[in-house]
K.L.:
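One structure, pasted below without further comment.
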Amino acid sequence: MKKERKEKQIGITHYLKQHKLGISLYILVYLIAGACGIIGTLLFAQVVVNVSSNIYTKAIYILCIIIGTVVIKRLCWYFSGLIYQKVANAIMASLNYDLSRQAFKLNSKTFTDHNTGTFVQRLVQDPERIVNNLADLVDIFTDILSITIVLIYITTLNVYIGLVILAIVIIGILLERKRVTIRTKNRRDTRKKSDKVNSLSTEIVKSEKDIKSLGLEDKLSEVAKEHYEAYKRSSYRTDVVDMNFWSIRNFLIEVVGIAILILGIKLIDNGLITLATFMIIYSYNDHLYRFIWSIGNVLSIFSEIKVCCERMFGLFDEKEFVTEKFGNVHLENVKGQIEFKHVKYSYIEYENNDDQKKDEDKKLTRKEKKALKKAPKERKIKSTNHIFDDLSFKIEPNTTVAFVGRSGSGKSTILNLMSKMYEVDGGQVLIDNININDLDKPTLRKTISLVNQFPYIFDMTIKENLLLAKKDASDEELENAIKNASLSDFISTLNEGLDTKVGESGIKLSGGQKQRLAIARALLRNSSIIIFDESTSSLDNFAQEEIKHSIDALKGKSTIVIVAHRLSTIRNVDKIFFLDEGKIEDIGTFDYLFENNVKFKNMFYAENLS
């Protein structure tokens with residue numbers, strides 16, 4: 001059942017079927033409007049015939065009927081617009097919701113391997129493009145139907161003119177098909193370049209203070225220029241190809257249009273058609289151009305929809321966008337014991353898909369390229385960095401431990417494996433003697449709270465940020481969490497107190513205030529395991545001391561795991577694991593390591609001397 005659901009979700013037809021009644025009504029109303037346009041066009045041809053035959057009264061009568069078709073057409077277009085807005089917004093909301101949920105399922109490594117723009121465009125812009133393009137299709141198909149009837153009508157007036165029209169239509173469609181094939185390939189490349197531009201723009205906005213303080217404006221401007229120029233070159237290439245094909249197509253159509261008029265004059269001279277027939281052909285001569293343009297536009301839209309669907313539903317491709325996996329074991333009361341048994345983990349860097357594809361395209365024949373498109377995608381490994389080969393240790397429930405070591409020794413990786421942000425390559429991570437991979441999602445998320453070095457604070461009030469951790473938290477619980485995170489004094493200085501808005505990413509807060517708010521949020525959850533990843537790095541000495549007291553106050557109530565560069569913050573922990581090059585070199589209390597481990601002692605002295 002779950003499999004069927006997943007298959008339905010990775011196709012645009014799933015979302016169209018959800019709103020088939022609204023879509024059907026929209027198409028029906030639009031077709032009525034189109035039919036009125038067609039009737040009006042054919043009636044106008046009769047007006048030309050009547051006027052050329054001096055039958056003015058009948059011509060005026062027909063024009064009055066045309067006014068009626070115009071009124072109906074405009075009303076239908078108005079109501080179709082209302083229906084479109086409702087259905088389009090509903091489809092986009094469903095797409096955005098499902099794509100966002102899928103993004104939440106992806107593991108942390110997947111987010112690390114892809115840039116921000118990849119997700120922003122696929123989650124927000126691609127759904128909007130698809131819905132807008134689908135609406136354009138209905139409009140263009142209606143126009144094509146109208147033009148087709150007119151062209152058929154013209155061809156019935158004379159077989160020679162009909163054959164000329166048929167020939168140029170076939171040539172025009174073949175040209176448009178070739179154009180769109182090239183365009184599809186170019187658009188994929190352009191959208192990938194656009195992803196990089198979006199990612200860089202996001203980084204510039206979020207890091208503007210760092211850019212200014214480090215004097216990186218010129219350097220980042222150059223980087224931005226390179227990305228924008230790459231995007232512009234790709235976009236320019238697409239536009240030039242379109243322009244070249246359109247120029248050839250338009251030239252042919254214009255020459256053929258004139259040729260049709262020359263043929264019409266010849267036919268009049270030979271008495272094969274009347275002047276009225278020639279006037280009708282002349283009046284609707286531009287319909288040939290509109291027909292081929294519309295066919296090309298349809299092909300372009302299908303191409304755009306195809307690219308958008310590939311990108312959007314590519315998020316469901318487990319090989320490139322790996323999701324989190326959970327088991328079925330549910331625990332109500334987790335004690336907080338953690339154990340690593342012979343854990344292996346390597347950081348794998350994959351080749352860029354674009355470069356990989358270019359290399360493959362150079363070597364493969366056309367037939368092999370076609371077969372490759374149908375084959376499952378395989379990501380090629382660029383490099384492998386072995387972090388742990390055989391890591392084992394055990395943390396007892398309700399104890400406070402710390403992991404220390406030089407940068408790159410594997411401290412943060414341990415925390416990511418412990419919280420199941422990363423998956424082990426071998427061995428086991430156990431919580432209360434149960435493999436972490438066997439635990440269900442509610443158990444794992446409720447059991448572990450993680451305070452990162454750079455926590456994300458949402459664009460909400462302080463209170464709303466806290467309630468994200470526990471929506472039904474009482475005022476007393478909020479007050480205790482704030483007090484234990486040393487936020488009380490800061491909040492007391494704010495005019496709006498807990499109702500103060502902190503801005504996007506907590507921009508109105510200092511680094512230390514962000515970390516204390518994140519700590520308060522974690523404390524509010526009252527998890528069995530609380531992980532602090534450099535969570536006091538942005539605090540001054542006074543605030544750091546307060547947080548130390550807060551962590552000390554939690555001793556014996558939860559399993560506390562700390563990663564810290566500042567060794568002074570972990571003096572009172574029960575046990576310290578000293579890491580060096582992915583291995584636990586030593587274990588003991590602060591005093592034990594200080595007395596017996598030279599590397600540890602040197603780290604402490606280096607910290608205090610700096």
K.L.:
Can you tell me if D440 and T443 form a side-chain donor-acceptor pair at under 3.5 Å?
P.N.:
yes
K.L.:
Would you check if the side chain of S419 reaches a backbone N or O of L415 as a donor-acceptor pair within less than 3.5 Å?
P.N.:
yes
K.L.:
Rounded to the nearest 0.5 Å, how far apart are CD1 of I462 and CG of L467?
P.N.:
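The CD1 atom of I462 sits 12.0 Å away from the CG atom of L467.
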K.L.:
So, N107 side chain and E324 main chain: donor-acceptor pair closer than 3.5 Å or not?
P.N.:
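No, N107 side chain to E324 backbone: no donor-acceptor pair under 3.5 Å.
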K.L.:
How long is the straight-line distance from OG of S528 back to CG of N333, given to the nearest 0.5 Å?
P.N.:
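Result: 8.0 Å between the selected atoms.
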K.L.:
Closest approach of R521 and L466, non-hydrogen atoms and distance?
P.N.:
N-CD2, 3.8 Å
K.L.:
Heavy atoms, side chains only, cut-off 4.5 Å: are N435 and V429 in contact?
P.N.:
no
K.L.:
If you count the non-hydrogen atoms of other residues, nucleotides and ligands that lie under 6.0 Å from NZ in K601, is the total more than 12?
P.N.:
yes
K.L.:
Is atom OH of Y347 surrounded by more than 12 heavy atoms (other residues, nucleotides or ligands) closer than 6.0 Å?
P.N.:
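For Y347, atom OH is crowded (more than 12 foreign heavy atoms under 6.0 Å).
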K.L.:
Considering only heavy atoms from C-beta outward, does the side chain of V451 approach that of D533 to under 4.5 Å?
P.N.:
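The answer is no; the side chains never approach within 4.5 Å.
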K.L.:
For a salt bridge (charged side-chain N to carboxylate O under 4.0 Å, His left out) check, start with the C-alpha distance between E423 and K325, then their side-chain angles and the critical distance, and finish with the verdict.
P.N.:
CA-CA 9 Å; E423 298 274 356; K325 307 294 187 301; over 6 Å; no
K.L.:
Taking the side chain from S94 and the backbone from A90, do they hold a donor-acceptor pair closer than 3.5 Å?
P.N.:
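Looks like yes, one N/O pair under 3.5 Å.
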K.L.:
Out of curiosity, Q125 CD to S194 OG, how far, rounded to the nearest 0.5 Å?
P.N.:
6.5 Å
K.L.:
Of all the heavy-atom pairs spanning F326 and L444, show the shortest one and how long it is.
P.N.:
CE2-CD2, 3.7 Å
K.L.:
Name the residue from N132, I12, N96, I91 that meets the side-chain contact (heavy atoms from CB on, under 4.5 Å) definition with P127.
P.N.:
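So the option named by the test is N96.
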K.L.:
Got a donor-acceptor contact below 3.5 angstrom from the D425 side chain to the S346 backbone?
P.N.:
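Yes: the side chain of D425 pairs with the backbone of S346.
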K.L.:
Taking the six-membered ring of Y231, is NZ or CZ of K193 closer than 6.0 Å to its centre and within 45° of its axis?
P.N.:
no
K.L.:
Within a strict 4.5 Å, meaning less than it, do heavy atoms of the I431 and L439 side chains meet?
P.N.:
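Yes. Closest side-chain heavy atoms under 4.5 Å.
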K.L.:
Verify, without hydrogens or angle tests, whether D432 (side chain) and I434 (backbone) share a donor-acceptor contact under 3.5 angstrom.
P.N.:
no
K.L.:
Suppose we screen for ring pair (Phe, Tyr, Trp, His ring centres under 6.0 Å). Which residues come up paired with F388, at least two apart in sequence or across chains?
P.N.:
none
K.L.:
Within a radius of less than 6.0 Å around CD of E396, do more than 12 heavy atoms belonging to other residues, nucleotides or ligands occur?
P.N.:
yes
K.L.:
Grab the two heavy atoms, one from I584 and one from S392, that are nearest each other, plus how far apart they are.
P.N.:
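For I584 and S392, the tightest heavy-atom pair comes out as CD1-O, 3.8 Å.
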K.L.:
Donor-acceptor pair, N465 side chain versus F458 backbone, under 3.5 Å?
P.N.:
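Present.
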K.L.:
If we only count heavy atoms from C-beta on, is the I576 to D586 side-chain gap below 4.5 Å?
P.N.:
no
K.L.:
Mind telling me whether Y15 and F313 have parallel, tilted or perpendicular rings, with 30° and 60° as the class edges?
P.N.:
parallel
K.L.:
Answer yes or no: are there more than 12 heavy-atom neighbours, outside N495 itself, under 6.0 Å from its atom CG?
P.N.:
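Atom CG in N495 is not crowded, with 12 or fewer foreign heavy atoms closer than 6.0 Å.
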K.L.:
For the atom pair SG (C308) and CD1 (I130), what is the distance rounded to the nearest 0.5 Å?
P.N.:
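Going from the SG atom of C308 to the CD1 atom of I130 covers 5.0 Å.
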K.L.:
On a heavy-atom basis, which atom in L123 and which in S100 lie closest, and how many Å separate them?
P.N.:
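So the minimum-distance heavy-atom pair works out to CD2-N, 3.9 Å.
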K.L.:
If you apply the rule side-chain contact (heavy atoms from CB on, under 4.5 Å), what do you find for L517 with L509, and how did you get there?
P.N.:
CA-CA 10 Å; L517 180 53; L509 304 177; 4.0 Å; yes
K.L.:
Is it the case that the ring center of F321 lies less than 6.0 angstrom away from the ring center of F316?
P.N.:
no
K.L.:
If you take all heavy atoms of A520 and L487, which pair is closest and at what distance?
P.N.:
CB-CD1, 4.2 Å
K.L.:
May I have the step-by-step check of side-chain contact (heavy atoms from CB on, under 4.5 Å) for M460 and V502, ending in yes or no?
P.N.:
CA-CA 6 Å; M460 303 174 178; V502 297; 5.7 Å; no
K.L.:
With heavy-atom distances below 4.5 Å as the criterion, would you say the side chains of E339 and F393 are in contact?
P.N.:
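No, their side chains stay 4.5 Å or more apart.
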K.L.:
Test side-chain contact (heavy atoms from CB on, under 4.5 Å) on L99 and R122; report intermediate values, then the result.
P.N.:
CA-CA 8 Å; L99 291 170; R122 294 177 193 227; 5.9 Å; no
K.L.:
Hey, mind stepping through V573 and V401 against side-chain contact (heavy atoms from CB on, under 4.5 Å) and telling me if it holds?
P.N.:
CA-CA 6 Å; V573 302; V401 303; 5.9 Å; no
K.L.:
Can you name the residues that form a side-chain contact (heavy atoms from CB on, under 4.5 Å) with K599, not counting sequence neighbours?
P.N.:
R406, F578, D580, E585, N597
K.L.:
Given 3.5 Å as the limit, does a donor-acceptor pair link the side chain of R525 with the main chain of R445, or not?
P.N.:
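It does hold such a pair.
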K.L.:
Can you sort out the partners of F590 under ring pair (Phe, Tyr, Trp, His ring centres under 6.0 Å), two or more places apart, ordered by chain and number?
P.N.:
F600, F604
K.L.:
Is the backbone N or O of T400 less than 3.5 Å from a side-chain atom of D574, with the two atoms forming a donor-acceptor pair by type?
P.N.:
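Looks like yes, one N/O pair under 3.5 Å.
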K.L.:
Decide if atom NZ of K501 counts as having more than 12 heavy atoms of other residues, nucleotides or ligands within a radius under 6.0 Å.
P.N.:
yes
K.L.:
Rounded at 0.5 Å granularity, tell me how far CZ in F104 sits from OG1 in T323.
P.N.:
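So the CZ of F104 and the OG1 of T323 are separated by 15.0 Å.
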K.L.:
Please report the interatomic distance CG(L524) to CG(L478), rounded to the nearest 0.5 Å.
P.N.:
5.5 Å
K.L.:
Would you find a donor on one side and an acceptor on the other, under 3.5 Å apart, between the side chain of S474 and the backbone of E477?
P.N.:
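Looks like yes, one N/O pair under 3.5 Å.
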K.L.:
Examine distances only and state if a side-chain atom of T110 and a backbone atom of L106 form a donor-acceptor pair shorter than 3.5 Å.
P.N.:
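Here the side-chain-to-backbone pair does not exist.
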K.L.:
Does the side chain of V424 reach to within under 4.5 Å of the side chain of Y345, using non-hydrogen atoms?
P.N.:
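Of all side-chain heavy-atom pairs linking Y345 with V424, none is under 4.5 Å.
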K.L.:
Locate the shortest heavy-atom distance separating L417 from I436; write the atom from each residue and the value.
P.N.:
O-CD1, 4.1 Å
K.L.:
Answer whether the closest heavy-atom distance between the side chains of L391 and K583 falls below 4.5 Å.
P.N.:
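When only atoms from C-beta onward are counted, K583 and L391 do not touch, as no gap falls below 4.5 Å.
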